[in-house]
Structures are given as C-alpha cells and as structure tokens.
Colleague: 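Please find one structure pasted underneath; my questions will follow.
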Amino acid sequence: MASLAPCLLRRRPLRSAAAAALVHPSGSWMRPRGAGSSPRPPGASPLFEPPRVVSERWMDGRGWWFRFRQPVRHGSTAVTLDTGGGFARFSVGGDAGTKQGAGRKGQPPAKAAKKKMSRKAKVNQLKWYRLKAKKKMKSPNPEVRIRYKLEKAKRKEEWLIEKLRKYEVPRSPEPVHDPEILTEEEKFYLKRTGEKKKNYVPVGRRGVFGGVVLNMHLHWKKHETVKVICKPCRPGQVYEYAEELTRLSKGTVIDIKPNNTIIFYRGKNYVQPKVMSPPDTLSKQKALEKYRYEQSLEHTSQFIEKLEKELEDYQKHVALFKNRGETLETISSEETNVDDLTSSSDTE
C-alpha cells in the first residue's frame, strides 16, 4: 500500500482537471455549464488531440482536419399536410417518399401497399352488401328480382367451373395396347360365364377413379371376367365408363347390358401390374368432391335457364300490356272525336 500511494496522488490533479474543463481540438478551452472562469491548469493535456503519427503536410493537403472541425448541420425536415379523403394526415419527409415511390430509372413505380381493413370495417362492409341484396330481393319490380338472382347464379357458375378445373388430371402417354381378337364362340362363352358368376365392381356417384381399377385387377387374380355395375348412371354414360375403364385396365369389353352392367375380360396373356391403381386417376375423396361440384354446376345451369325464361316471359308480358294500353288510348280518342262530330251536327 505504501508503494501505491504516490501513484494515486499523482493521478488526482489530472482527474480534477478533466472534470473542470474540456479541451477543444483547436487548443481553445471548453468550460462546462456552471463552471467559473478558472485559468487553464498548467499540467493538463488536451482531451481531443490530433494524432501525432499523421504529418502536418498531409493534413493540409487533404483538408480532412478542416472538415472535421466544421460543425454538423441538420437540414430542415419537410412536413406536408394531406387532406384527401376527408382526413388530415401529416407526412414527414415528403421528398424522400416520392423518390422511393418513383424508383430507379427504367423501372415501374412500386405498387402501393394495400391497407389492412379492421374487423369493424369488414363487418360494416358485409352489412352494406346484405342490405343492398335485401333491397333487391324485396323490390316491387319483378324484373329487378329476377336480374339479381340471375347475376348471382352466373357468378356461382363461374366459381364452380374454376373449381372443377383443379380436378382435371392430365393423361400420361401410354404404350400402344393391342387388344386380343376373340371369336364369336369365345365371346359367347365368356358372356355366359360372366353372367353366372357373382363377382362385381360397383361404380357409384364418384365415377371412375383409381379404386375401381384396383378392384378390377384384384378380381382378375382369380376370375377371367368381372362385372362392372354402374349405378346411378345417366342415359348413355355407361359407354363412357366402358371406354375409360378399357383404357385404364387394358381389359376387353365383352357385353354391355341394358341395366348399365359391363362385362370385362382380362385377356389370355394377363399379367397383374405392379401398380394396380393408375397414377393419372383421382383418389376416392377427390372423386367425391368433383362429383359434388359437377352436381352443383348442373343444378345451377338449370336454374339459370329457368330464370332467363322467366325474364323473357316478363318482358313479353310488359310489351303486350304496353301495346294494349296504346290501342285502348287510340280507341278512346277516336270515340271522343265521333261524339264531338255528332254533337256538332245536332246543333246545326
């Protein structure tokens, strides 16, 4: 401790001098606020002293020291007032915003960011749409009501068509299939055996999808023929199913019954494929979704036809009564003219 005492005593005047005043790089003294006009201590060194390694000639030539001594200047910030849309908005630094919006030369201006609507604004917008639709539905004019229903149905039809496009599966290029040529006797034999056997594959409302082809291959493992029962089925749709199943399963159609039943033959040189469900088919769930959209589209198109017919009949009805009113007016005017003539002849 005795050896450290002289060192501590030497540092005290330097700390008191630094607290009392600050030295500017130019050599002038900067006194803190509230400090008196005390003279410069003789042993104090300036706090901001330029580095001695750099030569004075280099500093004079470059002039960086002169720039360092200049006070920092801050430009005035532009404040603009925007009163568009019935609201007053203050924006700071309008020039910078315009430069950013303009972008570089040769580039299109950046798109304005969409304002996120609040929950209350969304609710108010929905209420306004509902009120507008309610007024159209309760309008005393039948034409307004019919046109509103027609526009709504057409919007739904476009939406359903866009949805159905997602379920279109592109067909992959397949190798050329050479169907086996069967004689009339072989066809008759296979037809009789197919009718007697009880194994069958149902094709329901989902239509033809990967599971139907998989079941056909599983039946062909033990049987030569398999029945495909299509129910429900529109008139003529059974032939479309037969063509599609022939392409996917590589089987041969033996007979198509009037009760929408197809008998398929697997072939003489049948080999069960490794992938029994073709990749270019829909799954069971997606096939059901597609069926629902197709059914909704069919009903919507029928409803549109009905509304268009109603609108046409109403316009004909209005035109008929308008013509009838005009004829009645002409007849009444002619009768008044005849009465005037008779009255004038009587007076004479």
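These values consider heavy atoms only, across backbone and side chains, with no hydrogens, waters or symmetry-generated copies.
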Colleague: Kindly work out whether a path of hydrophobic side-chain contacts (I/L/V/M/F/W/Y, heavy atoms less than 4.5 Å apart) joins Val228 to Ile263.
Modeller: no

Colleague: Of all heavy-atom pairs between Gly204 and Pro232, which one has the smallest distance, and what is that distance?
Modeller: C-CD, 4.2 Å

Colleague: For Leu190 and Glu224: C-alpha separation, side-chain torsions, deciding distance, then whether side chain to side chain contact (heavy atoms under 4.5 Å, CB included) applies.
Modeller: CA-CA 8 Å; Leu190 292 169; Glu224 288 183 342; 3.8 Å; yes

Colleague: So Asn215 and Val212, side chain to side chain contact (heavy atoms under 4.5 Å, CB included) or not? Walk me through it.
Modeller: CA-CA 5 Å; Asn215 288 335; Val212 177; 5.8 Å; no

Colleague: Does the side chain of Leu288 come within less than 4.5 Å of Arg292's, by heavy atoms?
Modeller: yes

Colleague: Compare every heavy atom of Gly251 with every heavy atom of Thr246, then report the nearest pair and how far apart it is.
Modeller: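 Heavy-atom minimum between the residues: CG2-O, 3.4 Å.
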
Colleague: Check whether any side-chain heavy atom of Ile229 lies under 4.5 Å from a side-chain heavy atom of Asn259, and answer yes or no.
Modeller: no

Colleague: Is the distance from the ring center of His299 to that of Phe303 below 6.0 Å?
Modeller: no

Colleague: Do Glu186 and Lys268 have side chains that approach each other closer than 4.5 Å (heavy atoms only, starting at C-beta)?
Modeller: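 SC-SC contact between Glu186 and Lys268 confirmed.
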
Colleague: Could you give the distance from CG (Asn199) to CG (Leu218), rounded to the nearest 0.5 Å?
Modeller: 11.5 Å

Colleague: State, to 0.1 Å, how close Cys233 and Asn260 come at their nearest heavy-atom pair, and which atoms those are.
Modeller: CB-ND2, 3.8 Å

Colleague: Do Tyr314 and Glu143 have a side chain donor and acceptor closer than 3.5 Å?
Modeller: no

Colleague: Answer yes or no: are there more than 12 heavy-atom neighbours, outside Met137 itself, under 6.0 Å from its atom CE?
Modeller: no

Colleague: Is the count of non-hydrogen atoms from other residues, nucleotides or ligands lying under 6.0 Å from Ile181 atom CD1 greater than 12?
Modeller: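 Counting neighbours around CD1 of Ile181, 12 or fewer heavy atoms of other residues, nucleotides or ligands fall under 6.0 Å, so no.
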
Colleague: In Å and rounded to the nearest 0.5 Å, what is the OH to CZ distance from Tyr291 to Arg206?
Modeller: 10.5 Å

Colleague: Transitively linked via ILVMFWY side-chain contacts under 4.5 Å: Phe264 with Leu182?
Modeller: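 Result: no, two separate clusters.
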
Colleague: Mind running side chain to side chain contact (heavy atoms under 4.5 Å, CB included) on Lys156 and Ser296 for me, showing each step along the way?
Modeller: CA-CA 9 Å; Lys156 186 179 179 181; Ser296 181; 3.7 Å; yes

Colleague: Find out whether Ser301 and Glu157 are in side-chain contact, i.e. whether some heavy atom of one side chain is under 4.5 Å from a heavy atom of the other.
Modeller: yes

Colleague: Leu311, Val318: one ILVMFWY side-chain cluster at the under-4.5 Å cut-off?
Modeller: no

Colleague: How far does CD of Glu305 sit from CG of Leu150, to the nearest 0.5 angstrom?
Modeller: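 Answer for the CD-CG pair, Glu305 versus Leu150, is 11.5 Å.
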
Colleague: With a 3.5 Å cut-off and no angle check, do the side chains of Gln237 and Tyr241 form a donor-acceptor pair?
Modeller: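 Present: a donor and an acceptor within the cut-off.
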
Colleague: Could you check if a side-chain atom of Thr281 sits within less than 4.5 angstrom of a side-chain atom of Val208, using non-hydrogen atoms only?
Modeller: no

Colleague: Enter the distance from Tyr293:OH to Leu164:CG here, rounded to the nearest 0.5 Å.
Modeller: 8.5 Å

Colleague: If you count heavy atoms of other groups shown closer than 6.0 angstrom to CD of Gln272, is the number above 12?
Modeller: yes

Colleague: Report the C-alpha distance between Tyr239 and Glu243 in whole Å, list the side-chain angles of each, state the deciding distance to 0.1 Å, and finish with yes or no for side chain to side chain contact (heavy atoms under 4.5 Å, CB included).
Modeller: CA-CA 6 Å; Tyr239 297 99; Glu243 185 181 353; over 6 Å; no

Colleague: Would Glu289 and Lys286 pass as an ion pair if we require N to O under 4.0 Å?
Modeller: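 Salt bridge flag = no for Lys286 with Glu289.
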
Colleague: Decide if atom CD of Gln285 counts as having more than 12 heavy atoms of other residues, nucleotides or ligands within a radius under 6.0 Å.
Modeller: no

Colleague: Are there more than 12 heavy atoms of other residues, nucleotides or ligands under 6.0 Å from atom CD of Glu308?
Modeller: yes

Colleague: Do the side-chain N and O atoms of Ser139 and Asn141 include a donor-acceptor pair separated by under 3.5 angstrom?
Modeller: no

Colleague: When hydrophobic residues are tied together by side-chain contacts of less than 4.5 Å, even through go-betweens, does Leu248 share a cluster with Tyr270?
Modeller: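 In one cluster with Leu248: Tyr270, yes.
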
Colleague: Would you indicate whether the side-chain heavy atoms of Trp220 and Val226 approach each other to under 4.5 Å?
Modeller: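 Of all side-chain heavy-atom pairs linking Trp220 with Val226, at least one is under 4.5 Å.
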
Colleague: If the threshold is 4.0 Å, N to carboxylate O, is there a salt bridge linking Asp255 and Arg192?
Modeller: no

Colleague: Using the salt bridge (Lys or Arg N to Asp or Glu O under 4.0 Å) rule, take Arg165 and Glu162 through it: C-alpha gap first, then chi angles, then the decisive distance, then the call.
Modeller: CA-CA 5 Å; Arg165 282 177 185 169; Glu162 288 293 329; 2.8 Å; yes

Colleague: Which atom pair, heavy atoms only, marks the closest approach of Ala153 to Thr300?
Modeller: O-CG2, 3.5 Å

Colleague: Kindly write out the residues that satisfy salt bridge (Lys or Arg N to Asp or Glu O under 4.0 Å) with Arg130, not counting sequence neighbours, or none if the list is empty.
Modeller: none

Colleague: Which atom pair, heavy atoms only, marks the closest approach of Ala242 to Ile256?
Modeller: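 For Ala242 versus Ile256, the nearest heavy atoms are CB-CD1, 4.2 Å.
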
Colleague: May I ask you to check whether over 12 heavy atoms, not counting those of Tyr200, lie within 6.0 Å of atom OH?
Modeller: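 At most 12 heavy atoms, drawn from other residues, nucleotides or ligands, come within 6.0 Å of this atom.
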
Colleague: Before you tell me yes or no, could you show the steps for Glu151 and Lys154 under salt bridge (Lys or Arg N to Asp or Glu O under 4.0 Å), namely the whole-Å CA-CA distance, both residues' side-chain angles and the distance that decides it to 0.1 Å?
Modeller: CA-CA 5 Å; Glu151 290 173 2; Lys154 284 183 178 178; over 6 Å; no

Colleague: Do the side chains of Val201 and Lys227 get nearer than 4.5 Å, heavy atoms only?
Modeller: no

Colleague: For Tyr167, does the OH atom sit with more than 12 other heavy atoms under 6.0 Å from it, leaving out its own atoms?
Modeller: yes

Colleague: Are Phe209 and Leu245 co-members of a hydrophobic cluster defined by side-chain heavy atoms under 4.5 Å apart?
Modeller: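 Per the 4.5 Å side-chain linkage, Leu245 and Phe209 are co-clustered.
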
Colleague: Donor-acceptor check, side chain of Lys222 to backbone of His219, threshold 3.5 angstrom: yes or no?
Modeller: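 No, the answer is negative, given that no donor and acceptor are paired below the 3.5 Å cut-off.
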
Colleague: Taking atom NZ of Lys196 and atom OG1 of Thr225, what is their separation to the nearest 0.5 Å?
Modeller: 11.5 Å

Colleague: Distance from Tyr148 atom OH to Leu307 atom CG, nearest 0.5 Å?
Modeller: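 Those atoms lie 12.5 Å apart.
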
Colleague: Do Lys257 and Lys191 have side-chain heavy atoms sitting under 4.5 Å apart?
Modeller: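 When only atoms from C-beta onward are counted, Lys191 and Lys257 do touch, with a gap below 4.5 Å.
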
Colleague: Could you tell me which non-hydrogen atom of His223 sits nearest to which non-hydrogen atom of Lys197, and how far apart they are?
Modeller: ND1-NZ, 3.8 Å

Colleague: Donor-acceptor check, side chain of Thr193 to backbone of Tyr189, threshold 3.5 angstrom: yes or no?
Modeller: yes

